[in-house]
Amino acid sequence: MARTRHFRWWWLLVPPAAFTIWLFALWPPPAWYRTHFPAETAFMRMRRAEAPWLGGREGRHEGGRMYQPVTLAAIAPAMALAAITGEDNKFLEHDGIDYAAIRKALGYRRREFDWDDPRDRADLRRALGRAWERRAALRGASTITQQLAKNLYLSSSRNPLRKVKEAVTAYRLERALGKRRILELYLNIAEMGDDIWGVEAASREYFRKSAAKLSRPEAAALAGLLPFPLRSNPSLKPGRMRWRQQLILRRMAGERLEIPQTEEETPEDTTGGGGEAGK
């Protein structure tokens, strides 16, 4: 009887053990990316599975994909600044998660939190209870490191467990790679249009030049398409991208203003193709 009870207790450990393994299982491990660029990210595989017919256009890589990773030294400094300005202005300060941005996205108004304070606990419960209805704002609170984690290893799924793994993976990437390498990888694998990945490929597609030669307005234009590159870019409905481009340029010049991080906060754009954006 005692042996049977012991056996049952052992099986109770299986689910949490399996969850822990899933939570930390990454291949290749984050340290691999200290010296390597991915041949294909999880996000690229997801897009290929969604639209296997894409590809074959002139000038594209195998399968139609435009993807040309380069070092950070081969990317105009304005591009790195524009990406941080538009996507994660506290990138150099946080450890992978911007807790202040999450607090704001949840609508939790207090700057401090104390578990012993019943008002703090009550406000936190109310904020967490609104998490699903504020999910768009929470997506907008993702840091560059979280976006890199999602692109390298995960998917666009809104499953809360996937978001937990994203946060854990972001923390591990920060420990393994450091800020410079995280930014370098992010700028090279970010989705920037229909099967266009990274700033080098995007710069050549939209501006017919290498990323090293991007002007400040061009860098801001590429940063402006990052939240929703398949729905607004220099070739497709460029209005929203140009609107964000101007906000990013103003913030790069020192203005203190908010740059919307969700599609719901941006103006509608019904214009057609646009060619090159604001050199």
Side-chain angles (χ1 to χ4, degrees), residues 57 59-60 66-93 101 140 142-145 147-148 151 179-180 182-279:
R57 283 188 278 178
R60 299 226 162 185
M66 287 195 75
Y67 171 50
Q68 299 173 253
V70 296
T71 65
L72 197 59
I75 298 172
M79 184 67 245
L81 177 59
I84 292 173
T85 301
E87 292 293 288
D88 183 4
N89 66 315
K90 294 183 180 178
F91 173 67
L92 298 177
E93 303 170 22
S142 292
T143 65
I144 282 177
T145 314
Q147 293 177 54
L148 178 64
N151 290 348
K179 295 293 186 181
R180 181 180 176 85
I182 286 170
L183 184 60
E184 185 173 67
L185 284 165
Y186 174 72
L187 291 175
N188 275 288
I189 69 169
E191 187 174 29
M192 292 192 157
D194 175 16
D195 223 12
I196 301 170
W197 303 89
V199 298
E200 180 69 17
S203 180
R204 293 186 180 277
E205 176 74 359
Y206 299 130
F207 304 121
R208 303 294 186 263
K209 62 173 69 173
S210 70
K213 297 179 180 178
L214 284 169
S215 68
R216 198 175 177 94
E218 289 165 345
L222 292 186
L225 64 83
L226 280 170
F228 23 80
L230 300 184
R231 293 187 288 276
S232 180
N233 59 55
S235 298
L236 176 68
K237 293 187 177 182
R240 285 182 293 182
M241 180 217 69
R242 289 181 181 138
W243 179 74
R244 281 180 55 84
Q245 174 196 35
Q246 294 306 310
L247 291 180
I248 291 169
L249 284 170
R250 288 168 58 190
R251 186 154 184 168
M252 289 169 70
E255 288 192 47
R256 296 176 63 86
L257 49 82
E258 291 291 324
I259 299 177
Q261 296 299 318
T262 66
E263 191 167 9
E264 290 83 352
E265 297 175 282
T266 62
E268 286 297 321
D269 173 37
T270 57
T271 59
E276 297 191 0
K279 289 188 177 182

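For the atom pair CG of Asn89 and CD1 of Ile144, the computed distance is 9.5 Å after rounding to the nearest 0.5 Å. The CG atom of Leu230 sits 9.5 Å away from atom CG of Asp195, with the distance rounded to the nearest 0.5 Å. Rounded to the nearest 0.5 Å, atoms CG (Leu148) and CG (Asp88) are 11.5 Å apart. Lys237 contributes atom NZ, which lies 14.5 Å from atom CZ of Arg242 (distance to the nearest 0.5 angstrom). Summarising the geometry, atom CD belonging to Gln68 is positioned 10.5 Å from atom CD belonging to Glu205; distances are rounded to the nearest 0.5 Å.
Ala82 approaches Ala223 most closely through the heavy-atom pair O-CB, 3.5 Å. Heavy atoms only, all atoms of each residue included: Arg244 and Gly86 are closest at NH2-O, 3.5 Å. Scanning both residues, Ser203 and Leu214, for their nearest heavy atoms gives OG-CD2, 3.3 Å. Considering all non-hydrogen atoms of both residues, Leu225 and Pro234 come closest at CD2-CD, 3.6 Å. The nearest pair of heavy atoms linking Thr145 to Phe91 is OG1-CE1, 3.8 Å. In plain terms, the two heavy atoms of Tyr67 and Ile189 that are nearest each other are OH-CG2, 4.0 Å.
In this structure, the side chains of Ser142 and Glu87 stay at 4.5 Å or more apart for every pair of heavy atoms. You'll find the side chain of Ile75 stays beyond 4.5 Å of the side chain of Glu200, heavy atoms only. At a threshold of 4.5 Å between non-hydrogen side-chain atoms, the residues Asn151 and Glu191 do not count as touching.
Under the 3.5 Å distance criterion, the side-chain polar atoms of Ser232 are matched with a main-chain donor or acceptor of Met241. Judged purely by atom type and a 3.5 angstrom limit, Glu93 has no side-chain atom pairing as donor or acceptor with the backbone of Lys90. Listed for the Asn188 side chain is no donor-acceptor partner under 3.5 Å among the backbone atoms of Gly198.
Under the rule for a side chain to side chain contact (heavy atoms under 4.5 Å, CB included), the partners of Ala202 that lie at least two apart in sequence or sit in another chain are Met192, Ile196, Tyr206, Leu222. Every side chain to side chain contact (heavy atoms under 4.5 Å, CB included) that Leu257 has, sequence neighbours left out, goes to Leu247, Arg250, Arg251, Glu255, Ile259. A search for side chain to side chain contact (heavy atoms under 4.5 Å, CB included) contacts involving Lys213 returns Lys209, Ser210, not counting sequence neighbours. Remark: Ala80 engages Leu183, Leu187 in a side chain to side chain contact (heavy atoms under 4.5 Å, CB included) (not counting sequence neighbours).
Between Arg180 and Glu184 no salt bridge is recorded (no basic side-chain N to carboxylate O distance below 4.0 Å).
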